[in-house]
Q: 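Take this structure, written in structure tokens, and hold onto it; I'll ask about it next.
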Amino acid sequence: MKKNELLEGPILSSLLKLAVPIMIANLLQAAYQLVDAFWVGRLGGDAVAAVSISTPVIFLTIALGTGLAIAGSILIAQYFGAGNQKMVNHVAAQTLSMVIIVSVFLSIIGYILSPYFLYLLKVEPAVYVDALGFMRVAFVGLVFSFGFMIFQSIMRGVGRVTLPVYIVLGTVILNFALDPLFIYGWNFIPALGVKGAALATLFTQLLAIIIGFAILFRGKHGIHLRISDFKPDYKHIKRAFEIGFPSSIEQSMRALGMMAITFLIVRFGTLTVASYGAGSNLIQLILIPALGLSMAIATLVGQNIGAGNVTRAAEISKLGAYLGFGLLTGLGIIAFIFAPYLIAFFVPNDQAVIEGGTELLRITCLSWGFLGLQLCLTGVFRAVGNTKLPMILTLVSQWVIQFPLAYILSHNTSLGKIGIWWAFPIASVVTALITVAIYAKGDWKKERLTGKTNKLIDKVESEIVKEGFDISK
């Protein structure tokens, strides 16, 4: 994809060229969890609950390294927009090495602490063994998950978003074939139950990252990494942490918010946990279009900011926000109508879980448009290097609005568990309105116009040169 395809011409066309492949890739990536949910759901409510309880803990560890990936993609997009290929390669290699080191550390810590996480969540005995097995295998595979996540972010930064789609498609198909083998057993393969689902995902993601590394080192898709690029660059690492740390806090607070909500849900028993698991699987699936738009907006705005096209960047952000709100509102209406059938796809043989998941879905789905709006606009803030604002918005949404409201409604009113469900749409609507107000104020454009982002990037590059890193090769 040539640079001028994203920096010139119709905005909708440029946005869709990025957004559609990203959506497809994210949809296929989410298919790992959906395939697991499909096969695990055949084991019953306890198995679904085991995966549901494990997911927020895994997401928390992934969130801690996500900030570095976001920092890398911001710098890569702006350098690519500015036509600085040498720094694109340098930042990509440094980001990849940083995140892999972080993921190894988190994998070891997570594996050791898995029993303590489940103890804190007060998991019922019927669920504990399966949850522990699933969680520990997932932690072992964390390195591969992180690695492929960074590969995708690098490809997004340079606008090469189609290639990851083919890789993820192949691994999802393989995962669908391996899941029943590992879960139920076949021939010499033992039946591993819930643990087997995590093991199938581990193998397929290992294959994905091997392919991703081969692509990055071949140098035919906008990035050409060499071993010398991985020499530790402490000045860049420091700057990447300055940009990425707020995003890590943001993602971590989102994950901790999920865990806190899980604490409230567990109080109402395994049936409620399973209902939440079935409903949240669908919610995560529906959010993929908004996340894809947000990533596309961040890339497109970032590249145009790097090229100095601030007016075009503003037009991109407005169009993206309209698309995010309209698309998710439409999907919410469809979900409201077909909720029982959608939940039954995941848990076909448990009527109680179907009814509970339907209730959750119908309470939350009509507010999805506001969540899409918020995600698209926070993509704009990240694109200009302002990662603190999305962090603050997440803290407000999760810890000032959602969790306190869920606690009050579920503990101090007659709503019970329904009060937890109502906290989701209320938090989404309020946070989206706050985000729109901040965006409309226009400070994000003023920060760029004063040269704040340019100074940060220029400082990174000058310090790299002063430290003796050869980026001319």
Side-chain angles (χ1 to χ4, degrees), residues 15-16 19-20 22-24 26-27 29-31 33-34 37 52 55-56 59 250-251 254-255 257-258 261 265 275-298 317-346 354 356-380 390 393-394 396-398 401-403 405-406 409 418-437 439:
L15 190 58
L16 292 180
V20 172
I22 291 174
M23 289 180 192
I24 295 173
N26 286 348
L27 180 63
Q29 193 74 43
Q33 286 74 40
L34 297 176
S52 302
T55 299
F59 184 64
E250 174 198 349
Q251 300 298 324
R254 196 180 296 278
M258 290 174 61
I261 292 293
I265 293 171
S275 299
Y276 174 67
S280 61
N281 280 332
L282 194 57
I283 292 172
Q284 294 302 316
L285 173 64
I286 295 300
L287 284 178
I288 287 173
L291 291 171
L293 267 176
S294 179
M295 293 176 182
I297 290 167
S317 63
K318 289 179 183 179
L319 178 58
Y322 287 134
L323 288 175
F325 181 81
L327 180 59
L328 261 73
T329 297
L331 291 174
I333 293 171
I334 294 172
F336 188 90
I337 297 171
F338 296 102
Y341 306 100
L342 296 172
I343 298 297
F345 175 80
F346 297 103
I354 293 173
T358 298
E359 190 174 47
L360 163 62
L361 199 59
R362 283 182 166 164
I363 288 173
T364 59
C365 65
L366 295 181
S367 67
W368 288 350
F370 291 92
L371 188 54
L373 176 62
Q374 178 201 344
L375 288 172
C376 289
L377 291 181
T378 52
V380 177
L393 289 169
T394 296
V396 170
S397 177
Q398 296 285 324
I401 304 172
Q402 185 172 290
F403 181 75
L405 191 60
L409 293 179
I418 304 302
I420 300 176
W421 307 156
W422 274 110
F424 290 107
I426 294 172
S428 294
V429 172
V430 173
T431 308
L433 294 177
I434 295 172
T435 305
V436 170
Y439 170 83

Q: Can you check whether Leu393's main-chain N or O pairs, donor with acceptor, with Ser397's side chain at less than 3.5 Å?
A: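 No, because the side chain of Ser397 does not come within donor-acceptor range (under 3.5 Å) of the backbone of Leu393.
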Q: Quick one: does Ser367's side chain have a donor or acceptor within less than 3.5 Å of a partner on Thr364's backbone?
A: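 Yes: the side chain of Ser367 pairs with the backbone of Thr364.
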Q: For side-chain contact (heavy atoms from CB on, under 4.5 Å), just list the numbers for Trp368 and Thr329, CA-CA rounded to whole Å, side-chain angles, deciding distance to a tenth of an Å, and then say yes or no.
A: CA-CA 6 Å; Trp368 288 350; Thr329 297; over 6 Å; no
Q: Can you tell me how far apart CD1 (Ile283) and CZ (Phe424) are? Round to the nearest 0.5 Å.
A: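 The CZ atom of Phe424 is 7.0 Å from CD1 of Ile283, to the nearest 0.5 Å.
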Q: Under the side-chain contact (heavy atoms from CB on, under 4.5 Å) rule, collect the residues that match up with Ile334, sequence neighbours excluded.
A: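 Expected list: Phe338.
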Q: Among all residues two or more places apart in sequence or in another chain, which pass the side-chain contact (heavy atoms from CB on, under 4.5 Å) test with Ala406?
A: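 Ala406 satisfies side-chain contact (heavy atoms from CB on, under 4.5 Å) with Ile261, Leu264, Ile420, Ala423 once adjacent residues are dropped.
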Q: Please name all residues satisfying side-chain contact (heavy atoms from CB on, under 4.5 Å) with Glu359, sequence neighbours left out, ordered by chain then number.
A: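 Applying side-chain contact (heavy atoms from CB on, under 4.5 Å) to Glu359 gives Ile363, Lys417, Ile418, Trp421.
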Q: Look up atom OH in Tyr276 and atom CG in Leu360, then write down how far apart they are to the nearest 0.5 Å.
A: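 Going from OH on Tyr276 over to CG on Leu360, the span is 8.0 Å.
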Q: Output all residues satisfying ring-ring contact (aromatic ring centres under 6.0 Å, His included) with Phe370, sequence neighbours left out; order by chain, then residue number.
A: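 By the ring-ring contact (aromatic ring centres under 6.0 Å, His included) rule, Phe370 matches Phe325.
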Q: Ile297 pairs by side-chain contact (heavy atoms from CB on, under 4.5 Å) with which of Leu15, Leu323, Leu319?
A: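 The side-chain contact (heavy atoms from CB on, under 4.5 Å) with Ile297 is passed solely by Leu15 among Leu15, Leu323, Leu319.
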Q: Residues two or more places apart in sequence or in another chain: which of them pass side-chain contact (heavy atoms from CB on, under 4.5 Å) with Ile337?
A: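 So Ile337 forms a side-chain contact (heavy atoms from CB on, under 4.5 Å) with Ile333.
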Q: Please tabulate, for side-chain N and O atoms in residues 371-378, each donor-acceptor pair with protein atoms closer than 3.5 Å (sequence neighbours left out).
A:
| unit_1 | atom_1 | unit_2 | atom_2 | d |
| --- | --- | --- | --- | --- |
| Thr378 | OG1 | Gln374 | O | 3.1 |
| Thr378 | OG1 | Leu375 | O | 2.9 |

Q: Quick one: does Thr394's side chain have a donor or acceptor within less than 3.5 Å of a partner on Pro390's backbone?
A: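 At least one qualifying donor-acceptor pair exists.
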